[in-house]
Amino acid sequence: LEDEIKIIEAIGEIIWQKKEETEDFSSLTDEEKVFVFVDLFEGAMGEGGFQFFFNSEAGDFAEEVITSYKEIKAFKTAELISKYLGLFTYKTYSHDLEIRVEYIEKDDVGKT
C-alpha cells in the first residue's frame, strides 16, 4: 500500500482482529496497545470531539490514551487530554461509562 491512510487502516484491522482474540488487550504488544489507544482517541475526535470521547466507551481508556501519546512523544496532545480529564475531579471521573455520562450531563463537563 502507498496511501498512508490505507496503511494505517490495514494495520489497525490486523491489530483489532488480534485484540478480538481476548476480552481485554492482553494479547497485544505494548506497541500495538499504543496504536489502539491512539486510534480510539482519534476516532472519537473525528466522531464528535471530547464530548463524544468521554460519552463513549473510548473514554474508559483516558489514562491509557494519555500514556500512549506520551509514548509516541506527542506531549502536547497528552497534555491537552490531561487538562480535559482534569475537568473531572478524582471522585467524579469513572471508568464506568454510565457513571461518567451521568456526571457529564449533570455538570456540563465535556460540552465545551
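This one's a predicted model, so the numbers in the text were calculated from it and none came from an experiment.
Rounded to the nearest 0.5 angstrom, I15 CD1 and D39 CG are separated by 8.5 Å. Here the CD atom belonging to E21 is positioned 9.0 Å from the CD atom belonging to Q17, to the nearest 0.5 angstrom. Taking NZ of K33 as the start and OG1 of T29 as the end, the distance is 8.0 Å to the nearest 0.5 Å. We find the CZ-CG distance between F53 and L85 to be 8.5 Å, quoted to the nearest 0.5 Å. Taken from NZ in K19 to CZ in F25, the straight-line distance is 5.0 Å, to the nearest 0.5 Å. Within the model, atoms OG1 of T67 and CZ of F61 stand 13.0 Å from one another, a figure rounded to the nearest 0.5 Å.
Residue pairs satisfying the salt bridge (Lys or Arg N to Asp or Glu O under 4.0 Å) criterion with at least one member in residues 45-67, sequence neighbours excluded, are listed as follows: D60-R100.
With hydrophobic clusters built from ILVMFWY side chains whose heavy atoms lie under 4.5 angstrom apart, I7 shares a cluster with V34. Linking ILVMFWY side-chain heavy atoms closer than 4.5 Å, directly or via other members, places Y84 and V38 in a single hydrophobic cluster. Note on F35: it does not cluster hydrophobically with I14, by side-chain heavy-atom contacts below 4.5 Å among ILVMFWY residues. Hydrophobic clustering (ILVMFWY, side-chain heavy atoms < 4.5 Å, transitive): V101 and F54 are in distinct clusters.
Residue E20 qualifies as enclosed at atom CD: its count of foreign heavy atoms under 6.0 Å is above 12.
Across all their heavy atoms, A58 and L40 have their closest contact at CB-O, 4.3 Å. Residues D3 and I5 come closest through the heavy atom pair OD1-N, 2.8 Å.
I81 places a side-chain heavy atom less than 4.5 Å from the side chain of F50.
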Check against ring-ring contact (aromatic ring centres under 6.0 Å, His included), Y69 and F37: CA-CA 9 Å; Y69 273 100; F37 293 127; over 10 Å; no
